[in-house]
Every structure is written in C-alpha cells, then in structure tokens.
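We name chains A, B, ... by the order of the sequence lines, and we start the count at 1 in each one. FYI, side chains are in, hydrogens and waters are out, and symmetry mates aren't considered; it's all heavy atoms of this structure. Predicted model only: the values in this text are computed from it and were never measured.
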Number of protein chains: 2
Amino acid sequence: MTPFNSSLGHFLAKVLRRSLLSEEECQAILSLPARVEHVEARRDFVRLGDRNPHSCLIVDGLAGRFGQGQEGNRQISALHIPGDMVDLHSTVLPQARSALQALTPTTILKIPHAALRESAARYPAIAEAFWRECVVDAAVVSEWVVNIGGRNAGMRTAHLICEMAYRYRLGAICDQFVFAFPATQLHLADALGLTSVHVNRMLRTLDAQGFAKIRRGIVEVMDWNGLSEFAEFDPAYLELDIARRIALPPLCVTAKVLVEHDQG
Amino acid sequence: MTPFNSSLGHFLAKVLRRSLLSEEECQAILSLPARVEHVEARRDFVRLGDRNPHSCLIVDGLAGRFGQGQEGNRQISALHIPGDMVDLHSTVLPQARSALQALTPTTILKIPHAALRESAARYPAIAEAFWRECVVDAAVVSEWVVNIGGRNAGMRTAHLICEMAYRYRLGAICDQFVFAFPATQLHLADALGLTSVHVNRMLRTLDAQGFAKIRRGIVEVMDWNGLSEFAEFDPAYLELDIARRIALPPLCVTAKVLVEHDQG
DNA sequence: CGATGGCTTGAGAGGCTTCAATGCCGGTGG
DNA sequence: CCACCGGCATTGAAGCCTCTCAAGCCATCG
C-alpha cells in the first residue's frame with residue numbers, strides 16, 4: 001500500500017463517522033489518484049483567486065484558511081489538521097475565495113477535481129458524503145462566528161483549544177491528556193481576532209486556573225471538564241459521530257476496509 | 001401558476017447565477033412540492049437539535065441563524081432574506097446545530113427533504129447545484145469571521161450593510177439607492193458581535209460621513225463607493241455571477257423558463 | 001556567537017461596553 | 001380622538017477589556 005492510500009484512509013476515517021458507505025465506495029475513495037507535495041511553513045499553497053484543478057488533503061502539518069482581507073490584520077477563518085480535505089468545496093466552486101497557507105512545514109495530497117467528480121457521479125453516496133463534509137465544515141465556521149462574536153478573549157481561547165483537542169482526538173476525550181498542536185500564539189491570535197500579546201495573557205490565565213497549558217506546540221489539558229465548561233464548549237457541531245446516530249446499516253463492514261488500509 | 005412556484009422561481013433565479021441547469025432541471029426545481037407557513041416575529045421555526053423532514057425557503061421577511069450559545073449574548077451567524085434556502089444543508093445533515101428565528105413576520109416554504117433528495121438523485125446537475133449553494137453559504141459565513149474578527153466596529157457595520165445591499169439587489173448596484181432591510185439595531189448588534197448602543201453610534205457615524213443611513217427598516221445608500229471602500233467590501237465571495245464566469249453553454253435557455261414562472 | 005523567531009511582561013491609551021435615562025413612533029383601547 | 005404603552009432609537013458618563021508600543025527573555029540554529 002502506498003503512503004498515498006494511507007493518507008486517504010485517514011480522510012476516509014473521518015468521512016465514515018458522518019456517512020455510511022459500502023465497501024466498494026470506500027475502495028473508490030481509497031483509490032483516488034493523488035500527488036504528494038511538501039509545503040514549507042508560511043507558504044500559500046492556494047492563493048486568492050486561484051483556479052486549481054485539484055483539492056488538497058492535509059497529510060501532515062497544519063494549515064490555515066485566510067479570508068479575503070487586507071494584508072495587515074490577517075484573519076484566519078479555519079484551521080486544518082491532518083485528514084482534513086481543506087479544499088473539498090473547490091470541487092464545485094473552483095475559484096478560491098480564501099488563501100490556504102501552511103502554518104508549519106506541511107505535507108499535502110493534491111487530488112484532481114476530475115477524479116473527485118467522477119467518483120461522486122458514479123456513486124451518489126459519495127457525492128452526498130462530500131456534500132455533507134462541506135456542510136460540516138460550514139458548521140465549524142459558523143461556530144467560529146459565535147465564538148469570536150459572542151465570547152470574551154478568555155472563553156474564545158479556551159473554546160479553540162477544546163475544538164482542536166476534540167478534532168485531533170476524534171472525540172476520544174478523557175479528563176487529562178496531551179496532544180500536539182503546532183500553532184504559534186500569533187496564529188491563535190489571527191484565528192481568534194485578538195493580538196498575540198493578549199492571547200499570551202489568556203493562555204497564562206488558563207494555565208493559572210489549572211485548565212490547560214501550551215508549551216512548544218504541545219497542548220496539555222489538565223482539567224477537561226473545567227476547560228470545556230469555562231469555554232461553553234459543546235462538541236455537537238463537530239459532528240464526529242453522526243453515522244452512529246443516523247444508525248442505518250452497521251458500520252463494521254466499512255470499518256474493516258479502513259483498518260486494512262490504515263495499517264498498510 | 002401557484003404562489004409556491006413563483007417563490008421557488010426566486011430561489012431558482014439565485015441558483016441559476018451560480019449553476020447552469022437545463023430547462024428540464026429548472027422545471028424539476030420549480031415543481032418541488034412545498035407548504036407555505038407564516039411565522040410571527042421572534043419565533044423559532046427551527047429549534048436547536050430539531051430533526052425536521054424539510055428544508056425552509058424564505059419567501060418574505062427576514063430570518064436569523066442563531067448559533068449554539070448561551071441565551072444571554074445571542075449571536076447571529078447568518079441573516080437570510082427572501083429567496084434564500086436557509087436550511088438546504090439539513091438535506092444531508094438533518095439535525096439542526098443552530099436555531100432559525102424569524103426576525104420580522106416571515107413567510108416560509110417548507111420543502112420535504114425527500115423531494116429535494118429525489119430531484120438531486122435524478123438530476124446530478126441539481127445535486128451539484130445544491131451542493132454549490134451550501135458552499136456559497138459557507139463562504140459567506142467565512143467572510144463573517146473575517147469581518148467580526150478582523151475589522152473594527154465601524155467597518156464591520158458598513159461591511160454588513162454592503163453585503164445585504166448586494167444580496168438584496170442581486171449585485172445590481174449604483175452609487176445611490178434604497179432598499180428595505182427590516183433588521184433592528186439589536187439584530188445588527190447580535191450579528192456583528194457588538195452592543196446595540198455601539199451599533200447605533202456607528203450608524204450615526206456612517207450617516208454623518210455621508211455613506212448611508214437606516215431609518216425604519218429602509219437603508220439609504222448615499223455613497224456606495226465611499227461606503228464599500230470604507231468597509232473594504234469585495235463582493236466576490238457572494239458569488240452572484242459565477243454561471244457567467246464559468247460560461248459553458250449560454251444561460252438564455254434556462255433564463256426563459258425562469259421569467260415565465262416569475263411572471264406566473 | 002550572533003541572528004532569528006517566538007514568548008513574556010509592563011504601562012498607557014482607546015475602543016467598546018455597561019448602566020441609565022430620555023425620546024420617538026406606531027398600535028391599542030377607552 | 002386621545003391617552004397610554006411597548007419596542008426601538010438615541011445620548012451621556014464611567015469603566016473595563018483589549019490594543020498598542022516597547023522592551024527583555026529564551027530557545028534554536030547556522
């Protein structure tokens with residue numbers, strides 16, 4: 001199994017939490033053609049206005065979506081972690097309305113729109129799954145509006161930490177844990193609509209309250225209950241367990257396929 | 001032609017600016033089954049967590065999407081005007097993650113998911129068009145993040161006015177014009193992440209600068225160039241003219257159908 | 001060892017909120 | 001027809017949250 005397919009497996013794993021696919025449909029996703037590319041930190045791999053013939057899947061690293069705005073005061077409107085298809089929407093809307101930048105050295109997989117469209121056309125369930133992925137992404141952005149518009153700096157920061165924890169760990173949360181999240185305080189500031197100075201102060205507060213701390217790209221959650229309550233965090237919007245809630249045919253058939261390819 | 005279809009025509013008009021559909025596909029949309037419903041001001045017609053079997057199209061009035069948050073400090077994450085299918089995403093993600101509330105007395109059209117899914121299944125172009133509508137909605141929300149997180153109160157307010165002007169007039173903008181936008185200053189405050197007191201001051205400033213004023217739900221733009229430059233407004237994200245830019249087969253065939261039904 | 005990038009901390013300024021009071025307008029009931 | 005009432009707009013004053021500016025620190029790396 002090539003490394004391509006194991007990355008696609010990571011993507012498929014997320015998709016399968018939200019959509020039920022047959023073994024054949026899973027195979028179709030796993031065998032999508034793709035080209036690996038490495039992007040150094042601070043470089044845009046999608047620029048505003050670009051019309052690329054492919055979507056990008058994050059294999060490794062961290063990427064930010066920068067909304068159309070002035071150069072000064074850059075605002076990040078989404079953060080993308082490994083397994084995220086950052087660009088899936090470009091399949092139906094090719095012209096990029098926001099830039100995508102690697103925040104750390106990042107590996108991406110470029111998947112041709114033609115191939116995505118082909119598998120969507122051939123398997124309606126895949127088309128629906130892709131559509132649903134876009135809808136979930138939108139729900140996350142929508143929650144960012146609530147977060148930035150409706151909460152103060154401390155809660156905002158805590159909420160973002162909660163979201164990233166939940167996404168990195170695919171919902172597997174206990175009271176204390178650690179995870180890698182290589183964003184700088186400047187990145188956090190751009191994502192939260194704050195200054196890096198103030199983000200710093202909020203992080204020190206969260207640490208002092210015993211909730212969580214960040215050191216060199218490693219987040220250490222010391223009190224998940226306290227943190228998530230303080231942030232008013234409700235993970236429902238991340239929709240990481242819909243397939244189970246929709247509960248049509250059982251997930252095990254497709255899960256088998258997934259495991260094979262993850263270990264490959 | 002029933003009033004149902006003329007409302008669907010308004011929706012179709014927006015869709016056709018972004019997607020190219022055959023005459024038959026337009027017909028399929030126009031003949032979607034639907035039920036009219038009137039919602040009084042301040043009432044939720046979709047509550048958090050609801051699993052409705054239909055999507056809602058705004059026929060008349062104004063609706064707001066309220067993100068999941070505490071009751072105090074309500075944050076609006078989207079505003080929806082006549083012709084908007086506020087709920088299209090619920091076709092693939094039935095459980096509502098945000099409440100929808102009528103801000104003024106509002107008329108909606110409830111369109112069964114079953115019918116939407118059926119037409120999407122039968123006409124792949126319709127599935128793609130629906131998917132694209134969701135993606136455009138997401139782009140708008142994304143721009144709200146940039147607006148709220150990255151601009152100060154004055155620019156924020158101006159930017160929202162620009163966006164609503166552009167959406168109400170479907171991009172047909174001249175230097176001076178008037179349009180109805182029945183949001184109160186409290187609604188604007190909830191949408192902008194400000195207090196109504198401060199929104200009021202910003203509106204008075206915009207008026208004093210000769211840009212625009214709002215009186216009793218009527219926006220009067222006195223200097224579009226000044227206003228949109230002040231707000232750093234770039235309408236590209238609203239994607240109101242993609243079909244023309246994509247420019248595959250000409251639009252005239254479908255446009256004819258549309259006009260017939262709009263006048264019906 | 002200097003250069004670089006990120007983190008930390010302080011002091012002062014200012015943008016926005018909070019609290020509070022008044023005015024305006026349309027709707028309603030006597 | 002008029003008085004009252006409720007929701008919204010407007011304005012002022014005080015205070016806090018966050019920004020700005022600035023400096024110093026620490027780790028990493030060539």
message = Looking at B/N200, I'd like to know whether one of its side-chain N or O atoms comes within less than 4.0 Å of OP1 or OP2 on D/dT10.
response =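 Yes, within the criterion.
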key: Check: A/R65/A/S98 side-chain N/O donor and acceptor closer than 3.5 Å   =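 Distance-only check passes for A/R65 and A/S98.
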inquiry  = For B/E37, give me all partners under salt bridge (charged side-chain N to carboxylate O under 4.0 Å, His left out), at least two apart in sequence or on another chain.
reply    =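 B/E37: salt bridge (charged side-chain N to carboxylate O under 4.0 Å, His left out) contacts with B/R35, B/K110.
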request  = Could I get the full list of salt bridge (charged side-chain N to carboxylate O under 4.0 Å, His left out) partners for A/R167, not counting sequence neighbours?
outcome  =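 Residues passing salt bridge (charged side-chain N to carboxylate O under 4.0 Å, His left out) with A/R167: A/D84, A/E163.
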Roughly how many Å is it from [atom1] in [X] to [atom2] in [N], rounded to a whole number?
X      : N      : atom1 : atom2 : value
A/I148 : D/dT18 : CD1   : P     : 13 Å
A/I214 : D/dC26 : CD1   : C1'   : 18 Å
A/L203 : C/dT9  : CG    : C1'   : 14 Å
B/L186 : D/dC8  : CG    : P     : 7 Å

key: Contacts of B/Y237 that satisfy ring pair (Phe, Tyr, Trp, His ring centres under 6.0 Å) - sequence neighbours left out   =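 With neighbours one apart ignored, the set is empty.
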inquiry  = B/T106: which residues meet the side chain to side chain contact (heavy atoms under 4.5 Å, CB included) condition with it, sequence neighbours left out?
reply    =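 Listed in chain order: B/I58, B/A102, B/T104, B/I108.
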inquiry  = Working note: B/R151 + B/E143, criterion salt bridge (Lys or Arg N to Asp or Glu O under 4.0 Å); need CA distance, chi angles, decisive distance, verdict.
reply    = CA-CA 11 Å; B/R151 292 190 256 258; B/E143 181 63 23; 2.8 Å; yes
inquiry  = Rounding to 10°, can you tell me the angle the first-five-pair axis of the helix from C/dC1-D/dG30 to C/dG30-D/dC1 makes with its last-five-pair axis?
reply    =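 Answer for the end axes of this duplex: 30°.
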inquiry  = Considering every strand and a 4.0 Å limit on heavy-atom distances, what is the contact class for A/R42: base, sugar-phosphate, or nothing?
reply    =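 Sugar-phosphate: the residue A/R42, judged by heavy atoms under 4.0 Å, touches backbone atoms but no base.
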inquiry  = I'd like to compare against my own output: the B/S/- annotation of nucleotides 16-25 of chain C with a strict under-4.0 Å heavy-atom distance to protein.
reply    = BBBB-----S
